[in-house]
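Heads up: the structure comes next, in structure tokens.
In what follows, chains are A, B, ... by sequence order, proteins preceding strands, each numbered from 1. The figures that follow rest on heavy atoms only: side chains count, while hydrogens, waters and symmetry mates do not.
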Amino acid sequence: MNAQMLEHNEVLEKLAAYIAGGLFGHELDQFESHIANCPHCAAQLQEARNMDLAITQLFDNARPIPGFEDRVLQRLRQPVHSAAASWRLVHPAVRRAVTGIAAALVLGAIGYVANDLVLNNRLPFAPQFASTFTQPRTLGAVGSVSSVSEDIDGDGDVKFLKRQLAESTRSHAVPPKVLPGISPPASDANGLVDAKSNVVATNGSTVQSRGSLQLGRQAVPANGPDAYYYRESLTELSAIAAKTDAGHLAFGSSPSSSNFGRTPSSDVDGRRATELAAKGVPSVAGERLVAPYFKPADTAADQKRTWALEPRLGAAELEKSAEQTATRGKEVRLHNGFAVLGDAAGLTKPENAAAAWGEAHFENASGNTSIIAQNVNSPPPPSLDPLSAETTPPNPTASQTPPPNVQTQLQLSARKIIRNGEMEFEVEAFDSAAAQVNKIVQEEGGYVSSTDSEKLPNGKVKGTLAVRVPPDRLDTLILKLRALGDLKTQKIAAQDVTKVYYDLESELKAARAMEERLLNIIKTGKGEIKDLIEAEKQLGNYREKIEKLEGEVRYYNNLVSLSTLKITLSEKDIKSAAFASQSESVSMGIETDDVEKARADAIKAIEEAKGRVVESNLKKFDAGQLAATIVCEIAPDASGPLIDRLKQLGRIARLDIDRKQTTPSGSTGAPPPTRIDKKDTRFSISIYNLANIAPRQTTVLNLAVTNVEDAYKSILDAVKARNGRVVSSALNRQKPEQTTGSISFEVPSADADATLAELRRERDVLSLTVTENPDTNNVTTAKRGFSVVITSLATVPPRETETQVIATNARVADAYRAILDVLKKADARILVSQLNQQDASNVNGQLDFEVLRTREADVRQAISAQADLISRSSARSSDAENTVDSKIRISVKLLSIDRISPRETFTLGIAAKDVPVSYRTLLSALHEQGSRVIQSQLNEQDVQNITGLLDFEVVREKRPAVEKAIKDAGFVYSRVVAKVADTQSSVDTKVRIVVNFMNLDRIAPRETVTMRVQVPNTDSATATLLKTSDSASARIVESTQSKAGPGESSSHIVIECPLAKADILRQQLKDLGAVQLLETARNIQSPDGEIARTRFDISLLSPDVSRSMGGAIRNGWEVAFRGLMYSLSLIVIGILFVAPWALAIFGAVRLFRRRKTATISAA
Amino acid sequence: MTETDEVLVQRSHTGDRAAFEELVRRTARLVFSRVYLEVPNVHRAEDLVQETFLLAWRSIRQVTDPKGFRSWLFSVAHSAVVDSIRRDSRKKRAGLHAPDSALLAVPDHRDSPPEAAQRTEERARVLAILRSLPEEYRLPLMLRYIAGADYETIGRELGISNGSLRGLLNRGMAMLRTELARQRV
């Protein structure tokens, strides 16, 4: 049972295998026997078999078709022929990547192209206004013409268009066949403008001009005869233009076309014309005619006249047209006239044009004529005026009309005009001039009606001639008379008496008619006696009236028939004096001791000379002064001897003889008078003595003396000794120093110079002025005056002032006292003396004094012995009046020398091994040398960087010792010597030294060597390096070892060694391994010499494999990334450019397909 | 014939086409059944099998461990299937109906429509059960029913011994049976 159970399980396990046919031999037999015996298992088998069968059936047709493996193999063996299949074989991921890259590349390429196009503005749809406008063919120049006229009342864009047009016409001729489309038929004016413009613009051949002419016809609607005329005129005009165009192709197109369209007046006129035309102007027919035609004609004339007629139509051409005008008759003249009008209104004479016009079209229209004339005459646009003036051609019809002056004469003959004239001449001689006048007048058919002359007192003649000549000869007469002499004035008057004359004449006629009638009445004797008597009476009245009227008429006839010219002749210089009177006056001053005698002698002498004493007096003043004056008159001939006699009376101080000629008119004109009246000579004699006469010369002296009183006395004595006269003297003494004295005296001239010399001797003359009185009555040279002012020398400032600053080595107070003593000994005048002692270190003294020049040297010597001179300034005042040179003022400022900075400052940099020691050594040395230490500091905050500062002053003599001490203290690596400018207050006797201490190691190396050495083993190399550096007395500044990975290590060492030993070290370093980098930099600023060092910046590297590769990779990355960025930008462009297209195409294809399918389905 | 799979794989590495062909013979039905599990269409499955072996031949060198050749082959087949499905779906999206699919839509001529529908339904159910089974039990069953392989072929395809195949087959069938029974209930 147990075994059976076991077998049971075994069989069940093999069930599936049995079904699948996987049991063989013994197993199969065993299984089958079991199944046969065991119904349970058989049921199981059956069930399993059922399921198996069911499922097998289920997948019956899902099974591979027989020969499956062979097919697979067949397929495998087939060579990959199709591209798609081979593509298929590529790994999908690779495929995708390749596709993506390809897409990116395509997009990028598209993007690049698109970008390029956009940037270079080559896209087909980019705005290209400029290029369009520069291609007038596409736009059509004429098209723009029409737009010009249509938009003429627009604004800015018109101008723009016009410019465009101008430009286009400059380069391209306007094709004429396009023209007919131009003008809107509503506006005649516009059409005209266009037509003209085009004629103007077309600088091409005749054909073109004709084309525009045709246009003119088409453009203008036929609105009555007006239009007809207009067209005709246009035709003519165009014909001329065409002809001239053909004949004279030379005319410059560019200036003309540039003028055209820019001329603002043409715009204006065109517009005006347009407006007028649009309105239709409901006014007189003539005006309406004129308005649309003439205005645009003006407009055209703007352009046409300038270059259409003037340069092209030569004189010959114009003459030809003139001939035509003459010969062709009415019609031709009309055309021509109009052509001239339309072509160049205002070119020809307005009357002619108007006449031609009027004659041609308005047979009975004088009114119209006037209107046209008015229009033509009426001021055309201002810009036209100069043009028309310029270009006016010779008037062709001028010769046909009578000359204007004949006309005027005809008119004048009917008029009654009285012409009178007045002329005034200045002539050489009256008589000859009068004769000449007579002759001339006779020549001219006139006569001299009256002569009236007068001789003036000075022999000159003046006269007036009245001349009568026929009026028509008056002008020639006047011209002839011009030769007479200087024409002074001329007056020609004309009086029109026509009205009065004809009134008189008609009155006369009436009176005569009346007389006739009365006579007839009387002759026939009809009527009553009473009536006859009455008639007789009336006849008498009328006769009287007739006589009177006839007289008047005659009078007028006379006046009118002969002009009256009044000629005034006057001889030259008519106003010159006829005679002159000469008077002489003599004024004398006589100095004499005896005035009374001299006076008596003088009077006697006058009487002897038969003179007449007019006035005489004698005055006696104080101080024995006498003065006499005599005024007398004497015959001119006797005046000379009298003067000689008077001269003997004494010394002649002055003698003035004044002779004067006067004419009655007061003038002293050039021509010498004919006669001279000599009048009596008038003498004015002054006799006086010298007592109170002021000296001619006065010397004013300003003296400065030490002792005023002594000087005063000595001067007075000197004056007395020289017979001088003291006029005034004063001595004023308030304080000893302010004493002043003044003396005024006179000495005889002979002694004057000696006196002056004595005054000047040993005295300071502050000022000396010599005044000379004017040479008048009351001065004399016999004596000399002196006015002396004496002042104390103390009150006078010295001319020279000196300011000194001195510095003493010793105590200030001592030096001050010593100087003061010296000053006292030298009699110096001390003005200020003070000694300030604010604190012990700041003592100064001030001494202001004045000392005589004689003692100056002593004082100076004493001062310089006491102290050094720091600064000195000397001021000399200008040589003014009140300074003296005999003394000098010195202002001394005394200082301690410590207050003065030395002139020279040394700034030294010292490098020491041990800063504190060096510092102390130097400091003690300085104390020994007695130098003044200003600042000293030692900074030991940072042990590595100890610095010190010593700032001191030392006397120049001790400097070498100090320098030696400094040298001992350390190595001087920098030295700056500063010398202040000599102007500053500084002394040269001491120097200032600033010493900066510094650690030797802190000095920057002179040379820096950067090395990168590849060594097999960094550790051993480092060790070697350190060992060798010891031998080269080098110092290791920094040392870093690092290990990056297995076999990769580096070492960074910084070594400093003396410059001298650097080469050894460098060689040793080179021996270490392969030198990859060697850089040597020299720092010139760091000190050279024994402390100069070299710094080695060494990198020791183990052989490095990855480095170069890493660099390459990094480089690759970088390049790739950059490329990626660039590609991205291009891709974005591509996408943005392509995507819309793709979308659109996709959509279109979709739509198309859908429609197609729809139609198919519908079908 | 006597050479093991490992040796054949090694030889294929060196570019020995015969060795690879032998490998193809040994694994073609396995791959087929595997592909059919995911693409229940004989023709497409066959195409895919062909494609799979083409790919495998090109990249046979990728196989580092010869023992894992079958699993590697499965992965290649899988990616081929996925690719194919993706392509189909793309085609479907593009609206380009492949003629194959149209043909596939034509029902089997041997069965009347209701029967066919029932069979299709049944087949899908069994396939779903098969898919849910563990790989080791599923493969022998698939080889047996889908690839129609006999016992010996199954063993060769799977490269396993008779004894282990017997156990796998037995247990797999038992599982299939229970699952089918459970679903029927």
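Closest of all the heavy-atom pairs between B/R87 and A/R95 is NH1-NH2, 4.2 Å.
For B/R29, the parts sitting under 4.5 Å from any heavy atom of chain A are the backbone and the side chain alike.
Within a 6.0 Å sphere centred on CZ of A/R1154, other residues, nucleotides and ligands contribute 12 heavy atoms or fewer.
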Could you walk me through whether A/D70 and B/R25 pass the side-chain contact (heavy atoms from CB on, under 4.5 Å) test, one step at a time?
CA-CA 8 Å; A/D70 292 334; B/R25 281 185 195 286; 3.1 Å; yes
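Among residues two or more places apart in sequence or in another chain, the ring-ring contact (aromatic ring centres under 6.0 Å, His included) test is passed with A/H40 by A/H8.
Residue with the most contacts toward chain A among B/L165, B/L141, B/I154, B/V126: B/V126 (heavy-atom pairs, distance under 4.5 Å). For the set B/R171, B/R177, B/R144, B/M173, the entry with the most heavy-atom pairs within less than 4.5 Å of chain A is B/R144.
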